[in-house]
Amino acid sequence: MTYNHTMPIQTQQLQPAQRIIHVVKLIPQGKVLPYGKVADLAGLPGRARYVSTALKQSKDGQVPWHRVISASGKLAFPPDSALFRIQTELLWNDNVEVNQGKVNLSTDMWQPDIATLVLSLPF
DNA sequence: GATGTGACGACTG
DNA sequence: CCAGTCGCCACAT
């Protein structure tokens with residue numbers, strides 16, 4: 001079929017928040033990913049804060065939200081908060097060390113290869 | 001629109 | 001390292 005500009009190109013359309021959740025679900029056990037990187041992989045550069053918004057709204061227990069951390073390697077919650085303690089425990093369950101509220105990004109950050117992304121991202 | 005609020009991130013001292 | 005500042009962007013008021 002020849003291209004007709006009157007018909008829109010058919011692409012897999014997922015809403016931004018859905019794409020964020022999709023990316024977060026790809027983070028393997030034992031690895032973490034900063035908010036900004038999640039946004040990048042979701043095709044939303046510069047929208048790190050939107051990642052936290054989307055995660056907060058998704059109360060789906062299937063989303064490994066605890067694997068998303070700040071770019072500094074620190075957990076994003078205040079150390080005295082309940083969520084901080086929960087996230088710390090979930091990360092330890094993943095076999096990820098959390099010391100002083102921080103994880104070792106050089107060893108524990110997810111670094112997917114291009115092929116994995118091409119095969120995993122439906123957009 | 002204007003304004004305020006974040007589970008952010010880059011920069012600075 | 002850290003703490004503060006500022007830019008950023010989606011959302012709620």
Side-chain angles (χ1 to χ4, degrees):
Chain A
M1 175 185 294
T2 57
Y3 176 70
N4 181 337
H5 72 83
T6 63
M7 45 175 98
I9 297 173
Q10 294 299 317
T11 59
Q12 184 73 18
Q13 291 292 8
L14 273 73
Q15 297 307 310
Q18 302 278 341
R19 292 161 46 171
I20 290 171
I21 298 305
H22 186 94
V23 169
V24 172
K25 286 184 175 179
L26 294 178
I27 306 172
Q29 183 182 40
K31 293 295 176 183
V32 298
L33 202 58
Y35 293 89
K37 295 283 188 183
V38 172
D40 288 345
L41 294 185
L44 305 166
R47 269 155 285 188
R49 308 193 83 150
Y50 185 41
V51 173
S52 61
T53 303
L55 284 181
K56 179 164 52 180
Q57 292 177 355
S58 82
K59 309 196 184 304
D60 186 346
Q62 299 295 98
V63 183
W65 60 269
H66 62 283
R67 295 173 188 159
V68 185
I69 61 175
S70 301
S72 62
K74 292 191 292 189
L75 308 193
F77 302 103
D80 59 356
S81 67
L83 283 174
F84 176 93
R85 289 187 287 274
I86 294 172
Q87 186 171 20
T88 299
E89 176 164 357
L90 289 173
L91 284 172
W92 276 105
N93 288 344
D94 276 3
N95 217 25
V96 173
E97 284 192 36
V98 185
N99 298 314
Q100 312 300 321
K102 297 196 312 187
V103 308
N104 189 333
L105 280 184
S106 63
T107 60
D108 295 336
M109 184 167 73
W110 186 38
Q111 294 177 340
D113 58 83
I114 302 299
T116 297
L117 294 178
V118 169
L119 295 174
S120 305
L121 300 178
F123 47 84

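Computed from heavy atoms alone, side chains included, the values below leave out hydrogens, waters and symmetry copies. All chains are named by letter (A, B, ...) in the order of the sequence lines, taking the proteins before the strands, and each is independently numbered beginning at 1.
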Any non-hydrogen side-chain atom of Gln87(A) less than 4.5 Å from a side-chain atom of Ile69(A)?
yes
Winner on side-chain proximity to Ser52(A), out of dA10(B), dA7(B), dC2(C), is dA7(B)
Taking N or O atoms only and anything under 3.5 Å, show me the protein contacts with nucleotides 9-13 of chain C, one pair per line.
from: dA10(C); atom 1: OP1; to: Arg47(A); atom 2: NH1; distance (Å): 3.4
from: dC11(C); atom 1: OP1; to: Tyr50(A); atom 2: OH; distance (Å): 3.0

Which atoms form the tightest heavy-atom contact between [X] and [Y], and what is the distance?
X         : Y        : value
Trp110(A) : Leu33(A) : O-CD1, 3.6 Å
Ala48(A)  : Ala39(A) : N-CB, 4.1 Å
Pro79(A)  : Phe84(A) : O-CD2, 3.3 Å

Would you mind reading off the distance between [X] atom [atom1] and [N] atom [atom2], rounded to a whole angstrom?
X         : N      : atom1 : atom2 : result
Lys59(A)  : dA7(B) : NZ    : C1'   : 12 Å
Trp65(A)  : dG6(B) : CH2   : P     : 18 Å
Asp80(A)  : dA7(B) : CG    : P     : 14 Å
Leu105(A) : dC1(C) : CG    : C1'   : 15 Å
Ile86(A)  : dA7(B) : CD1   : C1'   : 13 Å
Lys102(A) : dC1(C) : NZ    : C1'   : 8 Å
Lys74(A)  : dC2(C) : NZ    : C1'   : 8 Å
Leu75(A)  : dG6(B) : CG    : P     : 19 Å

Residues at least two apart in sequence or cross-chain that pass salt bridge (Lys or Arg N to Asp or Glu O under 4.0 Å) with Asp94(A), listed by chain then number, are Arg67(A)
Which residue in the set Val32(A), Ile86(A), Asp108(A) passes side-chain contact (heavy atoms from CB on, under 4.5 Å) when paired with Leu91(A)?
Val32(A)
